[in-house]
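Each remark here refers to the structure printed beneath this line.
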Amino acid sequence: MTGAAVVEAAGLVVGPGVGPAVLEGIALRVHHGEIAAIIGPSGVGKTTLLRALIGAVPPGMSVLTGRLRVCGHDVLAASPERLRALRRERVGFVGQDPARRLNPRMRVRQLLGEMAVDAGPDGPRRLLSELSLPGTDELLRRRPGQLSGGQQRRVALARALARRPALLLLDEPSAGLDTALRAELAELLRSLARRHGVAIVMACHDRELVDRIADQVLPLGAPTMSRPVEQPLPERTERTEPGPPVLLGHGLSAWFGRHPEHPVLSDVDLRLAAGSASAVVGPSGAGKSTLGRVVVGLHASASGTLELDGVRLHPRAERRGREQRRRVQLVPQDPLGSLNPRRTVRASLTRPLVLHDRCPAEQRPGRVIELLAAVGLAEELADHYPDALSGGQRQRVAIARALGAEPDVLVCDEVTSALDPENAEAIMLLLARLRRERGLALIVISHDLRLVAAHTEQVLALQHGRALAAGPTTEVLAALDDAGGTALTDSHDPVGRAIRPAGLPPRASARKDG
Amino acid sequence: MPRIVRRVTRLLGLLGRRVVLLAVLLVGVFASVTFLPRDAAQSTLDRGASAAELAARRAQLGLDQPLIERFARWMGGLLTGDLGTAARGQPVADVVLVALPNTVLLGGLALGLTVIVAVTVACLATLRPGGPLDRLISATATVTLALPEFVVASVLVLVFALWAGLLPAVAITSAGGSVAPQALILPVLAVAIPQLGWNVRLVRAALADEARAPHVDAAQLDGLSRSRLLVRHLLPGVLPAVAAAAVTSVGLVLGGAIVVEAIFNYPGVGVVLTQAVQDRDAPLVAGVVALTGALILGLLLLADAVRAWATWGTR
Amino acid sequence: MAGGRRFWWGLVPAALLMVGTVLGPLLAPNPIDEPVTVPYATPSAAAPLGGDQLGRDVLSRLLAGGAELLLTAAAVALVVTALSALLGAVAVLRPLVGRLIERLADVLILLPPVLGILLIVLSWPDGGRLALCCAAVLLALPYAVRVVAASAAPIASAGFVEAAVAGGERLGRLVWWEVLPNLRAVLVTLLGLRFVAAVYIVATAAFLQVGPQPPAANWALMIRENAAGILLNPWAVIAPSLAIGLLAVGVNNTVEALAPGRGPVRLARL
Amino acid sequence: MELTRRRLLELGAGMGAGLVLASCAGGGSGTGVESSAAPGPAGPPRPGGTLRVGALGKVAAIIQDPHGSQSNESDYLIIALAYDPLTVPGDPRTVTPRLASSWEASPDLRRHRFALAEGARFHDGSPVTSADVVWSLQRLRATPAGASRLPGIDPAGIAADGPNAVVLTSNYPNADLPLLVRLTTFVLKQDTADVAGAPGTGPFRLESYRQGNARLVRNDTWYGGAPLLDAVDVRIFESPQAMVNALFTGEIDVASNVGPVAARTAQGRDGIQIVRRPNDSALPIVMRVADGPFADARVREAFRLAVDRDAMVAQALSGFGRIANDVMGTGDPAYATDLPQRRRDPARAVALLDEAGFDRSARYQLITADEAPGQGESAILFANQLRDIGVGIDVVRQDLGTFYDETWLKAPLYTTYWGTNDSVTFFASKTMISGAGQNETGQQDPAFDTAYQQAVSTADEQQRTSALRRLQEIEHQRSGYLLWGMADGVDLASEKVGDPPKLAGFGRVQFERTWLAD
């Protein structure tokens, strides 16, 4: 692949200008028909680099030094009009989460037609067939909301290709595709590069895809954030004897608002032994989180009986006894929202001590230090505000806060889903250790089967609000894997992790489900 | 299409709830007018009328019957379209149905003007967020926020009617009762300008929110021109917010009309309302509120329909 | 805090205006109810802004007329903001209260605000300023609560609030310690808007001759009283009109300068 | 400025003590007319054109019944153009013939026979008969205000005398009867069912009426001679400000009864006639005589000396008026102009207050209402002037409803408003004799009562004049009225309006002689 390089980048430094740079010394040359892959753990700046290539560095950051030429244009010095023309005709960018990057109100025909070079009526139809999508009128009339995850991703790709670009930038192209679709994608990208001479640069987590089609690979350095404390990964936590059942749920059902006829959860039984760890798994929308919320009393419109040590629990937390509310604690999912941004770590940790008067006033500072140590965090973090901590650190403080009340049951609602693999593993190990030391009973709600297999004894699998299977983790997971294995994954969440773009708070209107 | 049916039933449910709310409001208004000091008989009879005449008038107006009974009779009439008789003897329906169309014309034009100008101005401001135009627009929006209609009306009459002599200072009705078009310009401006401030800020905020949506960022990375981005990708997302802003403006436009009608001698329902309150005329006040309330209900339904249509394919 | 220059540009003139308005009565050159010239006299040495309907000095009445409007509007704005903060936070934590407030706001859309003012103030025979304040608060509260509830909703569904609820916190503590501190920016901006809205309501009420009565010196009353002589001495109407506009802009800029810059917040109605 | 029924009520009773038979020669002192700014059109009056007249009124209070109480000036104007009463105000004779061409009274002044005008016809062509007049007067007498509009006349006292004459019998000798029937005795056809828009006998015929606005076309067969105008368009206006603006921007030709401020504004503009009608309305300050702080005549005298009459006329009426001398009825030909005019004398006032032991440390309430232009302003000015003699006055403004229910006839100190002041005996009978219907000051003065009786019950001119003189001396000396000045009635008309009405009070509705230059 000779001829002028489509992308020429040398000595690129990108950063906020003050403080450490996110990207340093980046060098990249991509020729026509060549596929380059940028790999590295999440949060290391892969997306930032991709966006930098078309002069769209995320707000707050800038390209400090370095040379960058794309399709023969110096991107750094380009005027807005020049840059706009470059993006319009020469470069196609396909971001992560296509469901939210396609205009929800435009139909597929308009989405493709808007960018198409050949404005003919059958242009969109040919594009769709290239991406093995039926070019039927019915599909062309649909809106993004009416497409499946895979279809949305391919329509986004089609839209990028509509302009016959010289360079294609892809951010996690294989996320959300099942094995068959990923193979097709690989074929398509290879053919685009070989036959149409399109240069492709992709940020990718999927080792398999990278190995199969990438001509060159650009690994980005390890993350600069503080290293999480962890011990070596034992194969499996050794099994402890399951104690007497501390939490019993019988015939639990739940619904939203005033529509009991469409239950989110129906007739689910739950058995949690003291000191045991049982997981709740299932595709998103199966009712996992709802079950957790019913247990901690956040979901009022629920029925069925829930007993803590034989004593009935009221569906609403406010109506439960003080001791009952102390013994069941929740660790929330989204690290961004798990701590009150206006309160220091110390204040957040002191509150449970005061509320359940776990210790006299003068001992509280000492107790806070102990809690921080228990979750593996340094003492000086106590006076920081949450926004100064990383996602992993924030989840640890949330766990410490729950421990402050010395609970018997700890409900962890997808606590690892927003963390990268290393941090997630560390959190699970921490929970396992706490369970052993304090005889805690854990309910771990997660869709990460690998972690569930490694760290829990019991598992309850849910599907469409019904209990699919329950019992020891290894047997249940094995049984379900034989039955086609797709029961537990869903179109959105791949076997790996769906990386939620860090920094973007969940949009206010997003309903909580799954 | 079960979804259409579900959506329509939801809208009708919404309408039903609002009709109940209107009924509650009418109870409140009817009662509050009745509890005002002095009653309709004292207000509409000649001064120095003897106690006997006063008592006779009260009996004639039915003021001696308990409030609940009078209200029940009035509401009963409402269902059959009979709005009862005003304290001065004319049927409420005649008084209101002559004046209401003029106010609807004034309010409608003002609302239309407000929404169109607000959306265009907000779009201009969004094209270059934080730019000089954006700051200028938000400054003028703040000024118009605070200026009550009568201040705007007084200045408009002074400048355009009395000094420049371009426009009529007063709305003269032709024999047929309709108002000459050029006599409408100043009243409509006087009602619309105070509403502009709110609506510009609302649409501006909605546009700013929508601009943070991922699909707008994607459209920018696709190199679309600013204007296309605005029209095809931003505006459709903002329609529900614009509809909501317009509907809440209706109540305020009606309030403004009441004030402006006195200054421009405009034959609208506002003047009737203020006099009815002075006369402690519960049926007339409640009648006006019922008809204007029904009007607003219709507009609320329209706004819901716009919101439903705008979010049609996206759920 | 918002950018330096913009902060001073917004704050200094507004603060001066407000101080001037409050101290106005002291600066007035002539007594505010003594006629000094012929009715509607054009500006002269004795009366720089001419005479009003009784020949009283417009400038003196202008200086004296602002304090009352400013203080009334400020009182209404503060009460509405405080109440709406509490009710808004409770509304998102207790859906029942939320629905009730929603219904109230819907009812108020159907009621023309001017009629609301008339009914409330007239039913309180010599209520004067207090009646007007109560009317203004009652009419503005439902909308303000809606604004606060809209901003408080994402906070109420955030992890730390849910953990607190599960952890056994009571409603009062949830509102005061968890939800409200995170609403500071919204509340400060809301205060500015509520002030502007209060100026509008108090002025309109004065025009409808409810609330403060002549011969009190009040900008809104001045506009109404001197409307008849608008051609003889336009300043008698234009000066108070400008004053109302400038006061509102001044206060709003002050509030926006003080509010931590969070971009245009989703604002609701009057 | 809101209109109330009250203004109409007092006109209903008629006024002026003009001699019953002979038209009195001496012209009233105050009926001279000056109009400044643009003069009227030159040249002979020419027929044709539609005159657009603006008049004040509330759409919610519109009424079309000629015998009802019209609170809107616009309604009264429309009715006065379309229907005829028996007699109307005039100049110089305060009682001039209209539907009654002539009238004479019995020696005991109780039976008054009115002869109907020749050729008087209704708009539908049918002739006017005494039966129509009797039916109309019976209907007027039956209205709630009927007793005060036809004082002393019982329904039985209204009878026909042949086809062309009507006889009214009064319960007591009353020389003023022809005066009392001047303005509300509109005549309709007998047994008219729907009075709204019913055929009348007036100079103009009602063509259309909608929400207070009306169009009236010329009645060519009018017995008083066909008017010059083709038609009159009456426009209703809620506020004087709106009406004046309409005149300035040429949307109407005449703005009726606009008040002093509008007049001064018009002085600055070309092409506007200002028609000043002196002695149009009185804005007296009422001091309660019967009880309270003003029961002592010396206190009333002190207050009458403390007021600065020239300043009041200059500030409250913008100069459109004249100072007065605390006697009501300044337009009456028999008005005693030789009574000593009171001037401002603060020192004497303070002495009188101390002599009467008046508590000057307390604050007193002066209650007012916005019924007429200048009324609110006069109260504020008077309060300031009283501060010079150490008396603290709080001005309290009430809306008209509250004013007439709680203040009128009861409060110790308040302002009030009376229109059309061309009769001393009218005010005496209405407000000052013991037991008067609207005794604002609560006056019980036997000497005053006997003087009034003598004035109305004698046919002899000499006796009547001396009794009237005596009446006014008592009023000037110790009545509760502080009449600081008389406001001019002001109409504005474009320069092409010829012969606009010039009479004070409700004489302003007489447009039958008005014409329009092209």
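All chains are named by letter (A, B, ...) in the order of the sequence lines, taking the proteins before the strands, and each is independently numbered beginning at 1.
- Atom CZ of B:R10 sits in a sparse spot, with 12 or fewer heavy atoms from other residues, nucleotides or ligands closer than 6.0 Å.
- Contact detail for C:P113 and B:L252: the closest heavy-atom pair is CG-CD2, 3.6 Å.
- In this structure, the separation between CZ on C:R99 and CZ on B:R17 is 10.0 Å, given to the nearest 0.5 Å.
- Counting only heavy atoms from C-beta outward, the side chains of B:R18 and C:L110 never approach each other to under 4.5 Å.
- Listed options B:V285, B:V259, B:V157, B:V289 were ranked by heavy-atom pairs under 4.5 angstrom with chain C; first place goes to B:V259.
- Expressed to the nearest 0.5 Å, how far CG of B:L14 lies from CG of C:D106 amounts to 7.5 Å.
- For chain C, the nearby part of B:I263 is the side chain; its heavy atoms alone come within less than 4.5 Å.
- Between the CG atom of C:L108 and the CG atom of B:L25 there is a distance of 8.0 Å, given to the nearest 0.5 Å.
- Heavy atoms closer than 4.5 Å to chain B are found nowhere in C:A73, neither backbone nor side chain.
- In this structure the side chain of C:L193 reaches within 4.5 angstrom of the side chain of B:W198, judged on heavy atoms.
- Within a 6.0 Å sphere centred on CZ of B:F71, heavy atoms belonging to other residues, nucleotides or ligands number more than 12.
- Using a 4.5 Å heavy-atom threshold, the side chains of B:E149 and C:V114 count as separate.
- The shortest heavy-atom contact between B:S154 and C:I230 is O-CD1, 3.8 Å.
- C:A227 does not touch chain B: none of its heavy atoms, backbone or side chain, sits under 4.5 Å away.
- Note that CZ of B:R280 is 5.5 Å distant from CG of C:L122, once rounded to the nearest 0.5 Å.
- Interface remark: C:V237 contributes side-chain atoms only to the contact with chain B (heavy atom separation under 4.5 Å).
- The CG atom of C:L115 lies 5.0 Å from the CG atom of B:L273; values are rounded to the nearest 0.5 Å.
- Judged as a ring-ring contact (aromatic ring centres under 6.0 Å, His included), not a single pair has a partner in residues 222-255 of chain C (not counting sequence neighbours).
- The side-chain heavy atoms of C:L231 and B:W163, taken from C-beta on, include a pair separated by under 4.5 Å.
- In this structure, CG in B:L21 is found 12.5 Å from CG in C:L111, a value given to the nearest 0.5 Å.
- Residue B:L22 touches chain C through both its backbone and its side chain, counting heavy-atom pairs closer than 4.5 Å.
- Among C:I223, C:T204, C:V202, the single residue meeting the side chain to side chain contact (heavy atoms under 4.5 Å, CB included) criterion with B:P148 is C:T204.
- Put simply, the side chain of B:L158 reaches to within 4.5 Å of the side chain of C:P234, judged on heavy atoms.
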